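These notes are about the structure you will find just below.
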Amino acid sequence: MAKTDEKKFVQHITPRNEDFSQWYTDVILQSELVDYAPVRGCMVVRPYGYAIWERIQQEMDSRFKATGHQNVYMPMLIPESLLLKEAEHVEGFAPEVAWVTQGGNEKLQERLAIRPTSETIFCAMYSKWVGSWRDLPMKYNQWCSVMRWEKSTRPFLRTSEFLWQEGHTIHETAEEAQQETMQMLEVYREVAEEVLGVPVICGRKSDKEKFAGAQATYSMEAMMQDGKALQAGTSHNFGTNFAEAFNIQFLSREGKLEYVHETSWGTTTRLIGAIVMTHGDERGLRLPPRVAPIQVVIVPVAAHKGGVTEVCDRVFTELKAAGLRVKLDDRDTLSPGYKFNDWELKGVPVRLEIGPRDVENGVATVFRRDTCEKSPLPLDGLAQSLPALLDAIQAELFAQAKNYRDAHVTVATDLAQLGAAVETGFAKTMWCGDPACENAIKEQFGATSRNMPFDQTPVSDHCVCCGKPAQKLIYFAKAY
RNA sequence: CGAGGUGUAGCGCAGUUUGGUAGCGCGUUUGGUUCGGGACCAAAAGGUCGCAGGUUCAAAUCCUGUCACCUCGACCA
């Protein structure tokens, strides 16, 4: 088992440690996940990138269904009057809403917002659909795109239009709504960690960072390889804020008119950016097997020589029948070396090289993308040995990411330590609860509070900023 | 919205200072030889130099305006 020589593969990507930002751009463009669109701030998600999104959708959607949610579709346009109903919500989103002011040749009486999020329209419908406690809960989700007129954009991380899912639910009691909020955050954590291999820290957002109009916002935060935080998913408990603004009432078991308790939760194509920046290396993407559109690629070597094509075809058929996502790279104009680099760039977890030598020995030369090691594996029984290998790769990528993350979380008990910590990763620290301290830290270090994790084991007794008695354990980091 | 940068062949760039036949690499097409880490030979196709105006015998090059995109900040998933 030999690690392949770093010098043998041809370098077209900016090294990570030289310019992480440029590395990211190089990788997503060259691996053909995405391309720039002829519209400002928008991206085109290419087939390979979209296939990853479809994998994420499948994993998410099956869990939504399993927890009793149904999919719906709401219109993309929201009348201004509807958007204005919840004061905090409007204030939060107003600066980044795109408006439709004209239809055909006629100026509209009321301008229409292109949805930045759909709370308002869900609320309008819920108020119409709910009458009795027997109608509750209503647990709906929609897959769609939304538009936010961002000042500066990066593919996947922040674009004017992006794909996402938004769940919106209404409940009879506060307890039930809180339970839903937590449940969906847990679904997100599970997909992030177990499918995408991205370790996350789950916790509650500070008031300063919470969603516009929410009573409480919870998030999962991932650390990228440059030490910056990426908010990878959010789950909100609205309490009755929106219900009161939109008059969503029901007759309770006691025959009284009451407001519903509401939640919403979302994840986006940003998760693809998280995968790239968590696992990627000098050669490009490294995709965890569970999210990889292609898990195993077969590269024939000297396909014209005796038996090679036949063996490749046979292995392809067997693996496909075994339920693996497998591809046979039979492009006949490219050299094996080119294909090796190409599939490494695209992050395919396992490559099988099959040439005359392998055919003779009854093996395939197996390349693991996570470790870049090659070793022979018997052709007989690949359908059994490969799934085990894929599981090992899945586990290895998560372990590598988690080790990296943990190694870059630093306990900080004063501002100097915090300042140093957020240069390389997350600062784990104590906070008095005063937004003034958050503002001061942002001002001085460019770092924001990420969340207050559920495990609140204290690391000191005083606020990292003002020194007053600490209330909460909290993470600070520079964020995407 | 502030600061910077870039627009020349599908992609990446040179040429602009000092105006004078539109260039290079990769890719593409065709034929052949190759194939165990980005193969080689031969031939070929491919351009209103972002757009609009101006100066000039002559503009990719100088002047004025304009548009688009990228990067970094402030705002956000």
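On a predicted model such as this, the values are computed, not experimentally measured, just so you know. Numbers restart at 1 for each chain; the letters A, B, ... are given by sequence-line order, proteins then strands.
When the P atom is compared between B/G50 and B/A59, the two are found 15 Å apart, to the nearest whole Å. B/C62 and B/U17 have their C1' atoms separated by 11 Å, with the value rounded to a whole Å. The C1' atoms of B/G47 and B/U8 are separated by 8 Å, rounded to the nearest whole Å. To the nearest whole angstrom, the two C1' atoms, one in B/G54 and one in B/A45, are 37 Å apart. The C1' atoms of B/A3 and B/A9 are separated by 33 Å, rounded to the nearest whole Å. Remark: the separation of the C1' atoms in B/G20 and B/A39 is 42 Å, to the nearest Å. Here, B/C51 and B/U61 have their P atoms 11 Å apart, quoted to the whole Å. Straight-line distance between the P atoms of B/G53 and B/G10: roughly 24 Å, to the nearest whole Å.
Looking at the side chain of A/Arg283, the nearest of the listed nucleotides B/C35, B/G38, B/G37 is B/G37. Of the candidate nucleotides B/C35, B/G36, B/G38, B/G38 has the atom lying nearest to any side-chain atom of A/Asp342. Among B/C35, B/C75, B/C70, the nucleotide with an atom closest to any side-chain atom of A/Lys442 is B/C75.
Within 4.0 Å of A/Gly355, counting heavy atoms only, lies at least one base atom of the nucleic acid. Nucleic acid contact class of A/Glu150 (heavy atoms, under 4.0 Å, all strands): base. Across all strands, A/Pro356 comes closer than 4.0 Å to base atoms (heavy-atom distances). Using a 4.0 Å heavy-atom distance criterion, A/Thr365 is classed as a base contact. As judged by a 4.0 angstrom heavy-atom cut-off over every strand, A/Ser335 is placed among residues touching the sugar-phosphate backbone only. When heavy atoms are screened at a 4.0 angstrom cut-off, A/Glu353 is found touching base atoms of the nucleic acid. Counting any heavy atom pair closer than 4.0 Å across all strands shown, A/Ser152 reaches a base atom.
In this structure, A/Trp149 has its ring center no closer than 6.0 Å to that of A/Trp99.
For B/G36, its base never sits under 3.5 Å from the side chain of A/Lys339 at any donor and acceptor pair.
In this structure, the NZ atom of A/Lys228 is 8 Å from the P atom of B/C72, given to the nearest Å. Spacing between atom NZ of A/Lys478 and atom P of B/G73 amounts to 9 Å, rounded to whole angstrom units. Protein atom CG of A/Leu29 is 15 Å distant from nucleotide atom C1' of B/G10, rounded to whole Å. Remark: C1' of B/C70 and CD1 of A/Ile28 are 13 Å apart, rounded to the nearest angstrom. Atom OH in A/Tyr480 sits roughly 12 Å away from atom P in B/U71 (whole-Å rounding). Taking atom CZ of residue A/Arg357 and atom P of nucleotide B/C35, one finds them 13 Å apart after rounding to whole Å. Rounded to a whole Å, the CE atom of A/Met43 is 17 Å from the C1' atom of B/C69. Rounded to an integer number of Å, the gap from CG of A/Asp35 to P of B/G10 is 15 Å.
B/C35: no Watson-Crick or G-U partner with both key distances under 3.5 Å is found in any strand. Pairing partner, B/G25: B/C11, with both Watson-Crick or wobble hydrogen-bond distances short of 3.5 Å. Remark: B/G73 base-pairs with B/C1. Criterion, Watson-Crick or G-U wobble with two distances under 3.5 Å. The partner of B/U66, taking Watson-Crick or G-U wobble pairs whose two distances both stay under 3.5 Å, is B/G50. Nucleotide B/U56 is matched to nothing when pairs are restricted to Watson-Crick or G-U wobble geometry with both distances under 3.5 angstrom. B/U30 and B/A42 make up a base pair, with Watson-Crick or G-U wobble contacts both under 3.5 Å.
The environment of NZ in A/Lys402 is sparse: at most 12 heavy-atom neighbours from other residues, nucleotides or ligands sit within 6.0 Å.
Using the six-membered ring where Trp is involved, A/Phe238 and A/Phe242 have ring planes that are tilted, between 30° and 60° apart. Classified by interplanar angle (parallel below 30°, tilted 30° to 60°, perpendicular above 60°), the ring pair A/His69/A/Trp265 is perpendicular.
With sequence neighbours excluded, no residue satisfies salt bridge (charged side-chain N to carboxylate O under 4.0 Å, His left out) with A/Lys208. Residues that satisfy the salt bridge (charged side-chain N to carboxylate O under 4.0 Å, His left out) test with A/Glu80, not counting sequence neighbours, are A/Arg111.
Using modelled atom types and a 3.5 Å distance limit, the side chains of A/Glu91 and A/His89 yield no donor-acceptor pair.
A side chain to side chain contact (heavy atoms under 4.5 Å, CB included) with A/His171 is found for exactly one of A/Gln178, A/Gln179, A/Lys139, namely A/Lys139.
Scanning residues 153-165 of chain A for heavy-atom distances under 4.0 Å to RNA chain B yields A/Thr153, A/Arg154, A/Phe156, A/Leu157, A/Arg158, A/Thr159, A/Phe162.
In terms of position on RNA chain B, the residue among A/Gly41 and A/Pro95 whose nearest nucleotide sits closer to the 5' end is A/Gly41.
Judged by the 6.0 Å and 45° rule, A/Lys228 forms a cation-pi pair with A/Tyr480. Cation-pi contact between A/Arg148 and A/Trp164: present, with separation from the ring centre below 6.0 Å and deviation from the ring axis of at most 45°.
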